[in-house]
Trainee: 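Sharing a structure below in structure tokens format, with a few things to ask.
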Protein chains: 2
Amino acid sequence: MKEDYVIELFRKNGYKITPQRQEILKAFTGNHDNHPLSAEEVHQKIIESYPNIGIDTIYRNLIVFLNLGIINKLNFREGKSRYELNSGKHHHHLVCLKCGITEEIDYCPFKTLDWEKIEEEKKFEIKKHSFELFGYCELCREKKH
Amino acid sequence: MKEDYVIELFRKNGYKITPQRQEILKAFTGNHDNHPLSAEEVHQKIIESYPNIGIDTIYRNLIVFLNLGIINKLNFREGKSRYELNSGKHHHHLVCLKCGITEEIDYCPFKTLDWEKIEEEKKFEIKKHSFELFGYCELCREKKH
DNA sequence: CTACTTGCAAATAATTTGCATGCGA
DNA sequence: TCGCATGCAAATTATTTGCAAGTAG
């Protein structure tokens, strides 16, 4: 998801290219390991270079970014949401129960075959799924007890 | 998970058997389809027969119940958590994106084989996982658009 | 010019905490 | 009796909304 492409997306959908939106985009594209960010973290990142942006602008634009498919919304049951750039390739996460660090895994356990079977049996139209693995990362494992 | 067994669990772990705890337990065991309940819903259920219980008592005891493994905590990204009686048999949920209704499915896509591979590759000790399918239930499907 | 955006402040909603009182073992 | 539990009230945290002023196109 390149920046130019996103700018184009904004244009096509009638959204204005405001400096705030560009900053938010940069917060994600500049986040090289694509570690999922909370709204608060996005805000903190931007404040360094653009001090006047409000947290509410972050929230409002995260919704816009979501609707355009620029980012994904994730929930690691911390009482808040996290967001990551939509890389296009489907993946899930490992989440450390102690330090909260997350790591992408390419592995996805859900197959179209299962999908169809469940849809038919349960009369339920499946649109998306989420799969998270919780445990202890290498570092926390040692000090777990 | 029978009530007597839970009472015994409380005893063994040094928790007192208060009427509030018994009410909370009943809220779950009496919830026959095991539809996951929010803290607020548990509170509402109990208030009918035990009007003086505080929502904070619910919250504090949900944590106790969780620690004892009596209930599971679920998150369907509604901005709040839900809880269900721990039936002992592992399962996941279908969640309707429109009306929010949930349905249990026995299906679990995650196999020990995958587990071990990921643990080794990522040096991550997996303790639990969650898997949710989001989509539209039969009723909402028709009026979706 | 003007509809879309923003910042501010205040509102909401879920959950947590401090504290004095209460009650189960 | 004694320490865990509870109810109340207030605090916290995440998120949302109303509104007047600002700005991109």
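So you know, we letter chains A, B, ... as the sequences are listed, proteins then strands, and number each from 1. These numbers come from a predicted model, not from an experiment.
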Trainee: According to the ring pair (Phe, Tyr, Trp, His ring centres under 6.0 Å) rule, which pairs have a member within residues 79-104 of chain A, sequence neighbours left out?
Mentor: A:F76-A:H93, A:H90-A:H92, A:H90-A:H129, A:H91-A:H93, A:H92-A:H129, A:H92-A:F131
Trainee: Quick check: on DNA chain C, is the nucleotide nearest A:N61 upstream (toward 5') of the one nearest B:S38, or the reverse? Name the residue that is more 5'.
Mentor: A:N61
Trainee: Can you tell me if the side-chain N/O atoms of B:Y59 get under 4.0 Å from OP1 or OP2 in C:dT16?
Mentor: no
Trainee: Going by the rule side chain to side chain contact (heavy atoms under 4.5 Å, CB included), which residues pair with A:S130 if we only count those two or more places apart in sequence or in a different chain?
Mentor: A:E132, B:R77, B:E132, B:F134
Trainee: Find out whether A:E40 and A:K80 are in side-chain contact, i.e. whether some heavy atom of one side chain is under 4.5 Å from a heavy atom of the other.
Mentor: no
Trainee: Under the side chain to side chain donor-acceptor pair (under 3.5 Å) rule, collect the residues that match up with A:R60, sequence neighbours excluded.
Mentor: A:D56
Trainee: Contact class for A:Q20 vs. all strands (heavy atom < 4.0 Å): base, sugar-phosphate, or nothing?
Mentor: sugar-phosphate
Trainee: Once you round it to whole Å, what is the distance between P of C:dA14 and CD1 of B:I58?
Mentor: 14 Å
Trainee: Going by the rule ring-ring contact (aromatic ring centres under 6.0 Å, His included), which residues pair with A:F65 if we only count those two or more places apart in sequence or in a different chain?
Mentor: A:F10
Trainee: Suppose we screen for side chain to side chain contact (heavy atoms under 4.5 Å, CB included). Which residues come up paired with B:K89, at least two apart in sequence or across chains?
Mentor: B:S87, B:E104, B:D106
Trainee: With B:E103, which residues qualify under side chain to side chain donor-acceptor pair (under 3.5 Å), at least two apart?
Mentor: none
Trainee: Please state how far atom CZ in B:R77 lies from atom P in C:dA14, giving the value in whole angstrom units.
Mentor: 17 Å
Trainee: Mind jotting down which residue pairs meet the salt bridge (Lys or Arg N to Asp or Glu O under 4.0 Å) criterion with at least one end in residues 29-38 of chain A? Sequence neighbours excluded, please.
Mentor: none
Trainee: Can you list everything that forms a side chain to side chain donor-acceptor pair (under 3.5 Å) with A:Y59? Sequence neighbours excluded, please.
Mentor: none
Trainee: To the nearest angstrom, how far is A:L25 atom CG from C:dT5 atom P?
Mentor: 15 Å
Trainee: Who are the side chain to side chain donor-acceptor pair (under 3.5 Å) partners of A:R82, not counting sequence neighbours?
Mentor: A:E41, A:E78
Trainee: Distance check needed: C:dA14 C1' versus B:H43 NE2, whole Å only.
Mentor: 14 Å
Trainee: To the nearest Å, how far apart are B:I55 CD1 and C:dA14 P?
Mentor: 9 Å
Trainee: With a 4.0 Å limit, can you tell me whether B:S81 has a side-chain N or O closer than that to the phosphate oxygens OP1/OP2 of C:dT15?
Mentor: yes
Trainee: Heavy atoms only, 4.0 Å cut-off, all strands: where does A:D56 land among base, sugar-phosphate and nothing?
Mentor: base
Trainee: Within this structure, what is the NZ-to-C1' distance between B:K80 and C:dT12, rounded to whole angstrom?
Mentor: 13 Å
Trainee: What is the bend of the helix from C:dC1-D:dG25 to C:dA25-D:dT1 when you compare the axis at one end with the axis at the other, using five pairs each and rounding to 10°?
Mentor: 30°
Trainee: Hey, is B:E23 close enough to B:K26 for a salt bridge, meaning N to O under 4.0 Å?
Mentor: yes
Trainee: Using chain B heavy atoms and a threshold of under 4.0 Å, write down where along DNA chain D the contacts begin and end, 5' to 3'.
Mentor: D:dG3 to D:dC8
Trainee: Are the side chain of B:N34 and the backbone N or O of B:L85 linked by a donor-acceptor pair below 3.5 Å?
Mentor: yes
Trainee: Specify the separation, in whole Å, of atom CD of B:E78 and atom C1' of C:dT12.
Mentor: 17 Å
Trainee: Could you state the atom-to-atom distance from OH of A:Y50 to C1' of C:dT5 in whole Å?
Mentor: 11 Å
Trainee: At under 4.0 Å between heavy atoms, how does the protein contact nucleotides 19-25 of chain C? Give one character per nucleotide, 5' to 3', with B, S or -.
Mentor: -----BS
